[in-house]
Amino acid sequence: MQNQPMNQQNQQPIMPQPPHVLTTKDFSYINDMLAWNLLAMKKAHHAASYCQDQQIKNKLEACGQMHQRHYMKILSHLEEKQQNNSVTQ
């Protein structure tokens with residue numbers, strides 16, 4: 001064990017599947033991700049509504065839509081997890 005490089009000594013084992021529980025820290029991080037994406041989506045839409053240049057306006061709208069997709073993707077993962085847990089209980 002002493003011959004292993006330093007970074008391999010402190011590595012945790014890889015989980016084959018995620019745990020079936022969300023910790024308070026996990027929940028806080030997910031909540032932050034949702035809030036960040038929602039805020040970015042709103043800011044991009046707001047900026048686009050004031051933009052005069054059509055190319056920039058289109059890019060801002062695309063940016064807002066990207067954040068909306070990310071927001072919805074996070075929610076879909078949570079809903080899928082909730083459905084899977086209710087089936088196994």
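Residue indices begin at 1 and follow the sequence shown. Please read these numbers as outputs of a predicted model, since none were measured by experiment.
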ILVMFWY cluster, Met33 and Leu38 together (side-chain gap under 4.5 Å): yes

Interatomic spacing from CD1 in Ile30 to CG in Leu78 - rounded to 0.5 Å: 5.0 Å

CE/Met72: more than 12 non-hydrogen atoms of other groups inside 6.0 Å: no

Atom pair NZ (Lys57) and CG (Asp53), whose distance is rounded to the nearest 0.5 Å: 10.5 Å

Value rounded to 0.5 Å, distance of CG in Leu39 from OH in Tyr71: 12.0 Å

Within-4.5 Å side-chain heavy-atom neighbours: Lys25 and Ser28: no

Polar side-chain atom of Asp26 near backbone of Thr23 as donor-acceptor pair, under 3.5 Å: yes

Aromatic contact, His46 with Tyr50 (centres under 6.0 Å): yes

Distance (rounded to the nearest 0.5 Å) between Gln65 CD and His70 NE2: 12.0 Å

Approximate separation, where rounding is to 0.5 Å, of Leu34 CG and Tyr29 OH: 11.0 Å

Rounded distance (nearest 0.5 Å) linking atom CD of Glu61 with atom SG of Cys51: 9.5 Å

